[in-house]
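Reviewing the structure listed below.
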Amino acid sequence: MSIMEEEIRKAADILLKSKSSMAFTGAGISVESGIPPFRGEGGLWTKYDPGFLDLDFYISNPNTAWPVIKEIFYDFFGKARPNMAHLGLALLERKGLLKGVVTQNIDNLHQEAGSKNVIEFHGNCRYMVCLDCQSNFNVSDITLNELPPSCPACDSLLKPDFIFFGEAIPPDAYMASQELARNSQAVLIIGSTGVITPANQIPIIAKHHGAVIIEINTEPSTYTNYITDIYLQGKASEIMKKLLETMF
Ligand code: NAD
Ligand code: ZN
């Protein structure tokens, strides 16, 4: 057996034996679905200015911000489909081997893959919220032909329902993630640099409560030499496929 096969075997055994496991995902799990991460080579911030996602800028300049937001999050993200890594997590949940997924992603791909308990730390771009009356809408019910889109209930400005810079983490998601982390015996981290606070604390909380940390990433992250017990280097979909083949 190669070292990699041995590590995958160890990870598979841990996930099969653990009474309560969770996944923690970042932009890397969606790269093979065609969505680039924010940082690094080919990242979205090499092409776009992150200032468009600053809440104060957005409120003062919705006409400037919207064409860029539409291009990234609706024309582009809208075409993405879940890959083997998303599908694998949904399968583990169906088999009773995963209690839930805490994701930093806003692309809805875990839900599209069939995951049920998805805790969205940073919101979801498939919904819009009214900045005035707080009504929430499915994007499919909002026309983006005229920008910026306005609230069907009160005509005020709508905002994609994910966290902009300067916004707080949704309290329910924050609480639920911490609780899941405290009660997990194993955490599968997939495709996160671990540099975004406070989301990056979730696997650390689990580790402090005794969880074994399994990490899948193409490159070492801030977790790798810190809390990770088993590091599986490679693309999320390829490692997930091997992991599932070893488990079942
Ligand atoms: P990040 O962009 O900072 O880093 C991505 C990580 O994924 C890196 O560690 C990289 O090595 C790894 N990676 C790249 N390709 C991979 C692959 N094929 N398989 C496995 N790993 C791979 O991501 P982050 O830590 O999640 O933080 C960025 C923030 O940006 C998050 O808040 C997230 O919400 C947001 N974001 C979301 C999306 C999305 O919804 N798909 C896309 C871009 C950014
Ligand atoms: Zn409204």
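This chain uses plain numbering: 1 for the first residue, then up along the sequence.
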Taking [Y] as the starting point, is it possible to reach [X] by hopping between hydrophobic residues whose side chains are less than 4.5 Å apart?
X	Y	value
Phe24	Tyr174	yes
Ile190	Val195	no
Phe57	Phe38	yes
Leu16	Ile8	yes
Ile239	Leu97	yes

*Name of the residue among Glu120, His86, Lys116 meeting side-chain hydrogen bond (donor to acceptor under 3.5 Å, both in side chains) with Gln111*: Glu120
Within the 4.5 Å heavy-atom criterion, are [X] and [Y] side-chain neighbours or not?
X	Y	answer
Met22	Ile202	yes
Tyr48	Val68	yes
Asn117	Val101	no
Val212	Lys207	no
Ile72	Ile69	no
Leu15	Leu243	yes
Leu98	Leu89	yes
Lys47	Glu71	yes

Determine whether a donor-acceptor pair (N or O, by modelled atom type, separation under 3.5 Å) exists between the side chain of [X] and the backbone of [Y].
X	Y	answer
Thr222	Thr193	yes
Glu5	Ser2	yes
Lys79	Asp75	yes
Ser33	Ile35	no
Asn136	Val129	no
Asn61	Thr64	no
Tyr231	Asn217	yes
Glu112	Arg81	no
Tyr223	Asn200	yes
Thr228	Ile230	no

Is it true that, when you exclude [X] itself, more than 12 heavy atoms of the residues, nucleotides or ligands shown sit nearer than 6.0 Å to its [atom1]?
X	atom1	result
Glu245	CD	yes
Met175	CE	no
Tyr226	OH	no

_Pairs where residues 123-150 contributes a residue and the test ring pair (Phe, Tyr, Trp, His ring centres under 6.0 Å) is met, not counting sequence neighbours_ = none
Can a donor-acceptor pair be found between the side chains of [X] and [Y] at a distance below 3.5 Å?
X	Y	answer
Asn124	Asn108	yes
Gln104	Ser192	yes
Thr218	Gln233	no
Gln185	Ser21	no

Would you compute the distance between atom [atom1] of [X] and atom [atom2] of [Y] and round it to the nearest 0.5 angstrom?
X	Y	atom1	atom2	answer
Leu180	Ile205	CG	CD1	11.0 Å
Ser150	Asp132	OG	CG	12.0 Å
Ser221	Asn225	OG	CG	8.5 Å
Tyr74	Leu147	OH	CG	11.0 Å
Cys130	Leu158	SG	CG	6.0 Å
Glu179	Lys99	CD	NZ	12.0 Å

Kindly give the heavy-atom pair with the smallest separation between [X] and [Y], and that separation in Å.
X	Y	result
Ser177	Ile119	OG-CG2, 3.4 Å
Ser20	Asn183	OG-O, 2.7 Å
Ala85	Ile29	CB-CG1, 3.5 Å
Ala11	Leu232	CB-CD1, 4.1 Å
Ala168	Ile163	O-CD1, 3.1 Å
Leu44	Pro36	CD2-CG, 3.7 Å

NZ/NE/NH1/NH2 to OD/OE distance under 4.0 Å, [X] and [Y]:
X	Y	result
Lys159	Glu167	yes
Glu6	Lys10	no
Arg126	Asp161	no

*Stepwise side chain to side chain contact (heavy atoms under 4.5 Å, CB included) test for Cys151 and Cys133*: CA-CA 9 Å; Cys151 173; Cys133 75; 3.8 Å; yes
*asked:* Among residues at least two apart in sequence or on other chains, which ones pass side-chain contact (heavy atoms from CB on, under 4.5 Å) with Arg94?
replied: Ala90, Leu91
*Is the gap between the ring centers of Tyr58 and Phe52 under 6.0 Å?*
no
*Output, in order, the C-alpha distance, side-chain angles, deciding distance and verdict of side-chain hydrogen bond (donor to acceptor under 3.5 Å, both in side chains) for Asn83 and Ser237.*
CA-CA 7 Å; Asn83 65 54; Ser237 68; 5.2 Å; no
*Given side chain to side chain contact (heavy atoms under 4.5 Å, CB included), test Leu87 with Met240 step by step and report yes or no.*
CA-CA 9 Å; Leu87 295 167; Met240 178 62 80; over 6 Å; no
*Apply the test side chain to side chain contact (heavy atoms under 4.5 Å, CB included) to residues Arg182 and Gln178: give CA-CA distance (whole Å), side-chain angles for both, the deciding distance (0.1 Å), then the verdict.*
CA-CA 6 Å; Arg182 282 195 299 269; Gln178 289 177 330; 3.7 Å; yes
*Walk me through it: do Thr25 and Val102 pass the test side chain to side chain contact (heavy atoms under 4.5 Å, CB included)?*
CA-CA 6 Å; Thr25 64; Val102 175; over 6 Å; no
_The single option from Phe121, Phe77, Phe73 passing ring-ring contact (aromatic ring centres under 6.0 Å, His included) against Phe162_ = Phe73
